Amino acid sequence: MNEARTPTGGAGGGTWAILVAAGSGARLGGDRPKAFAALAGRPLLAESLERLDGSDWIDAIVVAAPPEWEEPAILLAEELVASKVAAVVTGGETRAESVRAALEEVADDALVVLVHDAARPLVDDGVIGRVLTLLAEGVDGAIPGLPPSDTVKRVDGNRVVETLDRASLVAAQTPQAFVAHRLRAALEGDLTSATDCASLVERAGGTVGVVPGDPRLVKVTTRADLDLVERLLDAG
Ligand code: CTP
Ligand code: MG
């Protein structure tokens, strides 16, 4: 199924957001895909969708929904009056395949594509502005990164091979922003082992910059993460 709707905004040449929400949420468990797990009484997806729709940086949105959950995603967008949602597509087997499916619905004249995980509900204009501003300075991609708080080691089985220099490491978050044609080209190739879009753009020879991430952009993976995000939401 591929429910395309007409964009309401003047999105010509603008910035499109892809909201990937098609994962099953195996590590979270529960009776529904993670994007529809309850967060403060609403589907998890509602939080990021509402925030992207309300952002002046974003012109149009494509949501990748889990198979059989396209209709609930459309209804949710309608309920939220998320008028920038141009299409809801069926996601793929992997995150990268979901991005690829969503990209098909991004207008040909889009200049910039911002890819965001629905699993990171607390996206805001601060981080969106940082990645888009860096992108405008001439890189092919821009990602938020947070320095790891733990010491990180490279291992081989149960042996430590090397202790990495923490000063040169960041943990990659989303939203990640890309020059649209660079992202399209990167997604044409082999998608195996890609855990984020930036790695595909890097592999295709693109330049990717990093801006400060946001500790509030925790990715909901387990029940404990869901509780943490709920507390962060409560705290405002
Ligand atoms: N995602 C997607 N399509 C997939 C897999 C993941 O759109 N086939 C999305 C998820 O919905 C999520 C983001 O990519 O917003 C990050 O993935 P992850 O946190 O791993 O979510 P899940 O794959 O759903 O969780 P799990 O790995 O525990 O099954
Ligand atoms: Mg996953």
Side-chain angles (χ1 to χ4, degrees), residues 17-21 23 25-28 34 44 48 51-52 57 94-100 112-179 182-183 185-187 189-229 231-232 235:
I18 289 176
L19 185 54
V20 282
R27 289 169 288 179
L28 183 64
K34 182 157 74 183
L44 181 93
S48 52
R51 287 161 178 257
L52 291 178
W57 294 96
T94 63
R95 183 186 184 280
E97 283 166 18
S98 295
V99 173
R100 184 187 267 167
V112 171
V113 178
L114 188 88
V115 182
H116 184 63
D117 293 331
R120 301 180 197 268
L122 303 183
V123 59
D124 68 13
D125 270 349
V127 69
I128 294 172
R130 288 197 291 281
V131 290
L132 291 177
T133 301
L134 179 60
L135 196 74
E137 287 171 15
V139 283
D140 300 317
I143 67 169
L146 269 191
S149 45
D150 296 319
T151 298
V152 182
K153 297 180 190 282
R154 204 156 57 75
V155 297
D156 179 9
N158 61 2
R159 271 303 161 91
V160 172
V161 176
E162 186 188 4
T163 298
L164 300 170
D165 174 17
R166 212 163 60 181
S168 69
L169 294 171
V170 293
Q173 300 182 312
T174 73
Q176 302 188 344
F178 302 96
V179 173
R182 291 286 183 179
L183 182 63
L187 279 156
D190 174 27
L191 300 184
T192 46
S193 85
T195 54
D196 73 352
C197 293
S199 60
L200 292 168
V201 172
E202 292 155 36
R203 208 195 293 165
T207 55
V208 176
V210 59
V211 300
D214 185 343
R216 287 169 56 89
L217 278 172
V218 279
K219 189 171 74 161
V220 172
T221 304
T222 64
R223 226 359 92 176
D225 301 324
L226 200 55
D227 294 342
L228 170 61
V229 170
R231 285 198 301 278
L232 290 170

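On a predicted model such as this, the values are computed, not experimentally measured, just so you know. FYI, side chains are in, hydrogens and waters are out, and symmetry mates aren't considered; it's all heavy atoms of this structure. For this chain, numbers begin at 1 and follow the sequence in order.
Here the side chains of V211 and T133 are not in contact, with every heavy-atom distance at 4.5 Å or above. Contact annotation: the side chain of L200 approaches that of L187 to within less than 4.5 Å [non-hydrogen atoms, C-beta and beyond]. Using a 4.5 Å cut-off on side-chain heavy atoms (C-beta onward), V170 and P144 make no contact. At a threshold of 4.5 Å between non-hydrogen side-chain atoms, the residues L217 and T174 do not count as touching. For the pair V115/L183, a side-chain contact is recorded, criterion being any heavy-atom separation below 4.5 Å from C-beta on. Counting heavy atoms from C-beta outward, R95 and C197 have side chains that approach closer than 4.5 Å.
Under the salt bridge (Lys or Arg N to Asp or Glu O under 4.0 Å) criterion, the residue pairs touching residues 139-159 are D140-R182, R154-E162, with sequence neighbours excluded. Within the structure, side-chain hydrogen bond (donor to acceptor under 3.5 Å, both in side chains) pairs that include any residue of residues 121-131 comprise S55-D125 (at least two apart or interchain). Note on residues 219-228: no pairs pass salt bridge (Lys or Arg N to Asp or Glu O under 4.0 Å), not counting sequence neighbours.
In this structure, P148 and L169 approach most closely via the heavy-atom pair CD-O, 3.3 Å. Considering every non-hydrogen atom in both P175 and V127, the closest pair reads CD-CG1, 3.8 Å. The two residues A194 and A96 come nearest to each other via the heavy atoms CB-CB, 4.4 Å. When every heavy atom of T207 is checked against every heavy atom of V139, the shortest pair comes out as OG1-CA, 3.6 Å.
D190 contributes a side-chain N or O that, together with a main-chain N or O of T192, makes up a donor-acceptor pair within less than 3.5 Å. With Q176 contributing its side chain and G141 its backbone, the two residues share no donor-acceptor pair below 3.5 Å. For the pair R51 (side chain) and V123 (backbone), a donor-acceptor distance under 3.5 Å is present. The main-chain N or O of V220 is found under 3.5 Å from a side-chain atom of K34 such that the two form a donor-acceptor pair. Counting only distance, with no hydrogens or angles, the side chain of R166 and the backbone of V152 share no donor-acceptor pair below 3.5 Å.
With sequence neighbours left out, E137 forms a side chain to side chain donor-acceptor pair (under 3.5 Å) with no residue at all. Qualifying side chain to side chain contact (heavy atoms under 4.5 Å, CB included) partners for V208, counting only residues two or more places apart in sequence or in other chains: I143, A198, V201, E202. Shown here are the side chain to side chain contact (heavy atoms under 4.5 Å, CB included) partners of L232, two or more places apart in sequence or in another chain: L122, R216, V218, L228.
The structure places CD1 of I18 at 9.0 Å from CG of L114, a figure rounded to the nearest 0.5 Å. Considering OG of S98 and CG of L19, their distance stands at 11.0 Å, rounded to 0.5 Å. Within the model, atoms CH2 of W57 and CG of L132 stand 6.0 Å from one another, a figure rounded to the nearest 0.5 Å. Distance check, rounded to the nearest 0.5 Å: CZ of R120 to CG of L44 gives 12.0 Å.
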